[in-house]
Amino acid sequence: MGNHLQIIEIEGKRVEVLFTPSLFTIVQRNKWDIKVDPENLLSIQSGYIKLLYCAIINAYEVNKFDNPDYSNPDIKLIDVEVWATQNAQRLNELIEIFIQSITNKSITENAQEIKKKKKKSWFRSLLTMKR
C-alpha cells in the first residue's frame with residue numbers, strides 16, 4: 001500500500017497531499033457536493049481530482065495544527081485541474097493510493113468485489129423474476 005502522505009509539485013510549489021478519512025470532513029464543512037456519473041470516466045476522474053484538492057487542504061490543516069506558522073500553499077482547484085491534465089500518470093498513481101488508503105484494498109480488489117456484488121445482485125433479480 002502506498003504512503004498516505006504524498007508530495008506533488010504544482011506551479012513550482014512543493015505541495016503535500018494527505019489521504020486520510022479526515023479529508024471527507026473538508027468536503028462536509030465546505031458543503032461541497034462531489035457527484036459523479038459512474039458510467040462516465042471523465043466524471044469519475046473529475047471527482048477524484050476534487051478529492052485530491054481536499055487531500056491537499058487536509059495536509060495543510062494537519063500541518064497547521066502542529067505548527068501555527070505553517071504557510072498555506074495557496075493552491076486552488078483550478079491549479080489542481082491543470083496539474084492533473086499535465087500529469088495524468090501521477091494522477092493515476094495518486095488515485096490508486098487514495099483508494100488503498102481509504103479501503104485498505106487495491107483498485108483490482110475493489111473492482112472484483114463490486115463485480116461479485118453485481119453478479120449476486122443480477123442472480124437474485126433473476127430468481128425474483130422467476131417466482
Side-chain angles (χ1 to χ4, degrees):
M1 183 176 332
N3 186 346
H4 296 266
L5 179 63
Q6 295 290 310
I7 307 294
I8 59 175
E9 189 173 304
I10 297 178
E11 294 188 343
K13 299 174 192 168
R14 180 183 178 270
V15 179
E16 291 182 323
V17 180
L18 182 60
F19 295 116
T20 59
S22 60
L23 70 87
F24 294 108
T25 62
I26 293 162
V27 175
Q28 283 182 318
R29 184 180 64 230
N30 289 292
K31 296 182 174 115
W32 290 334
D33 191 13
I34 302 175
K35 291 185 180 178
V36 297
D37 175 358
E39 302 296 321
N40 182 321
L41 290 177
L42 291 176
S43 171
I44 294 168
Q45 183 182 35
S46 177
Y48 280 120
I49 291 169
K50 288 175 176 74
L51 289 172
L52 175 61
Y53 178 61
C54 293
I56 291 169
I57 296 169
N58 190 32
Y60 166 73
E61 289 183 357
V62 170
N63 281 312
K64 185 78 172 167
F65 186 87
D66 286 334
N67 178 5
D69 296 329
Y70 189 79
S71 66
N72 185 332
D74 195 29
I75 300 295
K76 307 288 182 232
L77 178 57
I78 194 166
D79 301 323
V80 180
E81 290 276 355
V82 170
W83 175 88
T85 301
Q86 296 170 341
N87 297 277
Q89 182 60 39
R90 181 69 171 133
L91 174 64
N92 290 336
E93 292 168 8
L94 291 176
I95 290 171
E96 174 79 22
I97 292 167
F98 168 76
I99 290 171
Q100 288 177 349
S101 296
I102 301 303
T103 67
N104 290 320
K105 297 176 187 165
S106 70
I107 287 179
T108 303
E109 290 169 321
N110 279 296
Q112 288 170 345
E113 218 171 85
I114 290 167
K115 198 173 185 179
K116 283 179 189 176
K117 285 179 184 176
K118 280 185 179 181
K119 198 173 198 178
K120 285 180 185 178
S121 175
W122 175 83
F123 185 68
R124 285 188 185 127
S125 297
L126 183 61
L127 289 177
T128 304
M129 288 173 59
K130 286 188 175 184
R131 290 184 194 163

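Position 1 is the first residue of the sequence, and the numbers go up from there. All heavy atoms count here, side chains included; hydrogens, waters and symmetry mates do not.
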field: 4.5 Å side-chain heavy-atom contact, Phe19 and Asn3
entry: no
statement: Contacts satisfying salt bridge (Lys or Arg N to Asp or Glu O under 4.0 Å) that involve residues 18-33 (not counting sequence neighbours) are Arg29-Glu61, Asp33-Lys35
- request: Give the minimum heavy-atom separation between Leu91 and Gln45, together with the two atoms involved.
  value: CD2-NE2, 3.2 Å
Which atom pairs, one a donor and one an acceptor, fall under 3.5 Å between side chains of residues 8-16 and the rest of the protein, sequence neighbours left out?
unit_1: Lys13; atom_1: NZ; unit_2: Pro73; atom_2: O; d: 3.3
unit_1: Glu16; atom_1: OE1; unit_2: Asn63; atom_2: ND2; d: 2.5
unit_1: Glu16; atom_1: OE1; unit_2: Tyr70; atom_2: OH; d: 3.4

Side-chain hydrophobic cluster, 4.5 Å single linkage: members besides Leu42: none
task: Using ring pair (Phe, Tyr, Trp, His ring centres under 6.0 Å) as the criterion, list what pairs up with Tyr48, not counting sequence neighbours.
output: Phe98
task: To the nearest 0.5 angstrom, please state how far the CG atom of Leu51 sits from the CG atom of Leu23.
output: 6.5 Å
statement: Scanning both residues in full, the closest heavy-atom pair of Gly47 with Val36 reads CA-CG1, 3.8 Å
field: Heavy-atom closest pair, residues Trp32 and Ile26
entry: CZ3-CG2, 3.9 Å
message: If I compare all heavy atoms of Ala84 with all of Ile49, which pair ends up nearest, and what's the gap?
response: CB-CD1, 3.6 Å
- prompt: Any sub-3.5 Å donor-acceptor pair from Asn40's side-chain atoms to Ser43's backbone N or O?
  reply: yes
- line: So salt bridge (Lys or Arg N to Asp or Glu O under 4.0 Å) across residues 71-88, not counting sequence neighbours, yields Asp74-Lys76
- request: Applying side chain to side chain contact (heavy atoms under 4.5 Å, CB included) between Cys54 and each of Asn30, Leu77, Val27, report the one that passes.
  value: Val27
task: Tell me, yes or no, whether the heavy-atom count around Ile7 atom CD1, taken from other residues, nucleotides or ligands under 6.0 Å, exceeds 12.
output: yes
- prompt: From Ile57 CD1 over to Leu52 CG, what is the distance, rounded to the nearest 0.5 angstrom?
  reply: 10.0 Å
field: Value rounded to 0.5 Å, distance of OH in Tyr53 from CD1 in Ile78
entry: 11.0 Å
query: Do Trp83 and Ile75 have side-chain heavy atoms sitting under 4.5 Å apart?
result: no
query: Taking all atoms of both residues into account, what is the closest heavy-atom pair of Ile44 and Pro38, and its distance?
result: CD1-O, 3.6 Å
field: same_hphob_cluster(Tyr60, Val80) at 4.5 Å side-chain heavy-atom cutoff
entry: no
query: Would His4 and Ser101 count as having a side-chain donor-acceptor pair, cut-off 3.5 Å?
result: yes
- prompt: Apart from Val62 itself, which Ile, Leu, Val, Met, Phe, Trp or Tyr residues share its cluster (side-chain heavy atoms under 4.5 Å, direct or through members)?
  reply: Leu5, Leu18
